[in-house]
Q: 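Quick one: the structure is below, questions incoming.
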Amino acid sequence: MTRTDHIAICPGSFDPITLGHEDIVRRALSFADQVIVAVAHQSSHRKTGMFSIEERVALIADVFADDPRVEAAQFEGLLVDFARSRGADLVVRGLRGVRDFEYEFQMALMNRELYPGMETVFLAPDAGRSFLSSTLVREIASVGGDVSRFVAEPVLRRIEERRATRST
Ligand code: ADP
């Protein structure tokens, strides 16, 4: 049986990438041939957040350095335009619970309206990681808490480096 390759995009803010995101990306690799983990941004808002867009992309690249099927990228503007430009046919989103659903469902229908050639796939995360969010990781890290169970090694190192330079 022959089929065309599936290219999936996992879009998000990834400030920073957590083990919850990583779980979703690795699950997507069970049906996608290539996964593009893409940091969405608007150039007018580049300075908000914990990490710059470039740092977020670099951290994603470090986390998936072991797998050539994963690419770290960034895009500005509409997801559908980025997807078209990369030949992607899937967008993968993680659903942490019903609170994510309403917005995700609406966005999936809007994206289909804008680009019928792309399908949205929702994945359930590992149960032990469904409570994770970048917001919580940022909040815990900002008050000196231990986030080692929530982020991968390269992200933890970067958070610790920042902490060290700020306290000197
Ligand atoms: P966050 O809400 O953590 O800032 P993003 O906006 O970067 O995350 O989200 C990118 C994608 O990752 C979204 O589809 C989001 O639902 C998913 N996601 C984020 N955290 C988790 C998690 N712990 N488990 C499953 N999916 C997640």
Side-chain angles (χ1 to χ4, degrees), residues 6-32 34-43 45-64 67 69-80 82-83 86 88-112 114-115 118-142 145-156 158-159 162:
H6 289 300
I7 301 177
I9 298 183
C10 289
S13 40
F14 303 105
D15 186 28
I17 183 165
T18 69
L19 293 183
H21 295 127
E22 189 180 337
D23 175 64
I24 294 296
V25 172
R26 295 201 191 273
R27 282 176 200 284
L29 286 166
S30 67
F31 53 83
Q34 190 194 347
V35 176
I36 304 170
V37 185
V39 179
H41 67 91
Q42 304 298 339
S43 51
H45 296 140
R46 283 181 87 81
K47 290 221 177 329
T48 54
M50 183 177 191
F51 291 107
S52 71
I53 303 300
E54 290 71 23
E55 282 178 305
R56 295 180 211 179
V57 173
L59 285 174
I60 293 167
D62 283 351
V63 167
F64 294 106
D67 199 324
R69 294 172 299 170
V70 181
E71 178 192 333
Q74 56 168 293
F75 71 96
E76 189 176 355
L78 282 178
L79 171 65
V80 291
F82 179 66
R86 299 301 309 268
D89 58 335
L90 300 173
V91 54
V92 173
R93 301 283 292 175
L95 283 184
R96 284 165 285 198
V98 284
R99 68 186 185 282
D100 280 342
F101 183 77
E102 190 71 37
Y103 175 68
E104 292 290 342
F105 188 66
Q106 196 183 5
M107 204 157 56
L109 293 179
M110 177 54 93
N111 281 335
R112 181 184 285 155
L114 297 172
Y115 181 17
M118 182 178 78
E119 215 46 81
T120 300
V121 178
F122 296 117
L123 294 179
D126 180 272
R129 292 178 175 174
S130 62
F131 63 90
L132 269 176
S133 73
S134 298
T135 308
L136 281 177
V137 166
R138 285 198 304 275
E139 283 173 4
I140 296 167
S142 71
D146 176 11
V147 293
S148 58
R149 279 174 298 135
F150 313 134
V151 297
E153 180 60 34
V155 181
L156 185 64
R158 190 74 191 87
I159 289 173
R162 278 174 75 112

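When a ligand or atom number is given, it counts from 1 through the structure's own listing order. Hydrogens, waters and symmetry mates are skipped; everything else that's a heavy atom, side chains included, is used. Nothing here was measured: the structure is a model prediction, and the numbers come from that model.
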Q: Describe, in one word, how the ring planes of Phe75 and Phe82 are oriented to each other, choosing from parallel (under 30°), tilted (30 to 60°) and perpendicular (over 60°).
A: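 Rings of Phe75 and Phe82: parallel, under 30°.
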
Q: Which residue and non-hydrogen atom of the protein lie closest to atom 6 (O) of ligand 1, and at what distance in Å?
A: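 That would be Ser13 OG, 3.2 Å.
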
Q: Can you confirm whether Pro16 sits close enough to Glu55 that some side-chain heavy atom of one is under 4.5 Å from a side-chain heavy atom of the other?
A: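 No, their side chains stay 4.5 Å or more apart.
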
Q: Provide, to 0.1 Å, the distance between atom 25 (C) of ligand 1 and the closest protein heavy atom, together with that atom's residue and name.
A: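 Ranking protein heavy atoms by distance from atom 25 (C) of ligand 1, first comes Pro125 CB, 3.3 Å.
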
Q: Check this for me - ligand 1, Leu95, N or O atoms closer than 3.5 angstrom, yes or no?
A: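 Such a contact does not occur with ligand 1.
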
Q: Nearest 0.5 angstrom please: Ile53 CD1 to Asp15 CG, how far?
A: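 So the CD1 of Ile53 and the CG of Asp15 are separated by 7.5 Å.
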
Q: Tell me, please: is Thr135 in heavy-atom contact with ligand 1, that is, under 4.0 Å?
A: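 Per 4.0 Å heavy-atom rule, Thr135 does not contact ligand 1.
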
Q: With rounding to the nearest 0.5 Å, note down the distance linking CD1 in Ile7 to CG in Leu90.
A: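 Rounded to the nearest 0.5 Å, the CD1-CG separation comes out at 9.5 Å.
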
Q: When you look for heavy atoms under 4.0 Å from ligand 1, do you find them on the side chain of Ile24, its backbone, both, or neither?
A: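 The answer is the side chain of Ile24.
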
Q: Judging by distance only, is a nitrogen or oxygen of Arg93 under 3.5 angstrom from one on ligand 1?
A: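 Looking only at distances, the answer is yes, because the N/O contact criterion of under 3.5 Å is met.
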
Q: Apply side-chain hydrogen bond (donor to acceptor under 3.5 Å, both in side chains) to residues Asp146 and Ser148 and explain how you reach the verdict.
A: CA-CA 6 Å; Asp146 176 11; Ser148 58; 2.7 Å; yes

Q: Just jot down the ligand 1 atoms closer than 4.0 angstrom to any heavy atom of Gly12, in number order.
A: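 So the answer, numbered in order with elements, is 7 (O), 10 (C).
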
Q: Suppose I only count heavy atoms of Phe14 and a 4.0 Å limit; which atoms of ligand 1 are within that range?
A: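 Contacts of ligand 1 toward Phe14, numbered from 1: 7 (O).
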
Q: Look at atom 16 (O) of ligand 1 and say which protein heavy atom is nearest, naming residue and atom and giving the distance to 0.1 Å.
A: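 Checked against all protein heavy atoms, atom 16 (O) of ligand 1 sits closest to Gly94 O, 2.6 Å.
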
Q: Suppose we measure from atom 3 (O) of ligand 1 to each protein heavy atom; which comes out shortest, and what is that distance?
A: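 Answer for atom 3 (O) of ligand 1: Ser134 N, 2.9 Å.
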
Q: Decide if the gap between the ring center of His21 and the ring center of Phe14 is smaller than 6.0 angstrom.
A: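 Close enough - the centres of the two rings lie under 6.0 Å apart.
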
Q: In terms of residue, atom name and distance, what is the protein heavy atom nearest to atom 9 (O) of ligand 1?
A: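 Ranking protein heavy atoms by distance from atom 9 (O) of ligand 1, first comes His21 NE2, 3.7 Å.
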
Q: Just to be sure I'm reading this right: ignoring hydrogens, which of Arg138, Met107, Arg96, Arg56 gets closest to atom 20 (N) of ligand 1? Compare them by their nearest heavy atoms.
A: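 When every heavy atom of Arg138, Met107, Arg96, Arg56 is considered, Arg96 comes closest to atom 20 (N) of ligand 1.
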
Q: Just verifying a value: how many Å separate Gln106 CD and Glu102 CD, rounded to the nearest 0.5 Å?
A: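 One gets 7.0 Å once the value is rounded to the nearest 0.5 Å.
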
Q: Atom 23 (N) of ligand 1: which protein heavy atom is closest, and how many Å away?
A: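 Going atom by atom, the protein heavy atom closest to atom 23 (N) of ligand 1 ends up being Arg129 O, 2.7 Å.
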
Q: Out of curiosity, Arg56 CZ to Ser13 OG, how far, rounded to the nearest 0.5 Å?
A: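 Here the rounded value is 6.5 Å.
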
Q: For Leu132, take its heavy atoms, then give the atoms of ligand 1 lying under 4.0 Å from any of them.
A: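 Result: 20 (N), 21 (C), 22 (C), 23 (N).
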
Q: Rounded to the nearest 0.5 Å, what separation is found between the CZ atom of Arg158 and the CD atom of Glu153?
A: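 Going from CZ on Arg158 over to CD on Glu153, the span is 14.0 Å.
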
Q: Decide, yes or no, whether a salt bridge links Arg129 with Glu22 under the criterion of side-chain N to carboxylate O below 4.0 Å.
A: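 So Arg129 does not pair with Glu22 through a salt bridge.
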
Q: For Pro11, state whether at least one heavy atom is located under 4.0 Å from any atom of ligand 1.
A: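 In this structure, Pro11 qualifies as a contact of ligand 1 - some heavy atom is under 4.0 Å.
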
Q: Check ligand 1 against Ser133 and write out every atom of the ligand that is under 4.0 Å from a heavy-atom position of the residue.
A: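 Result: 3 (O).
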
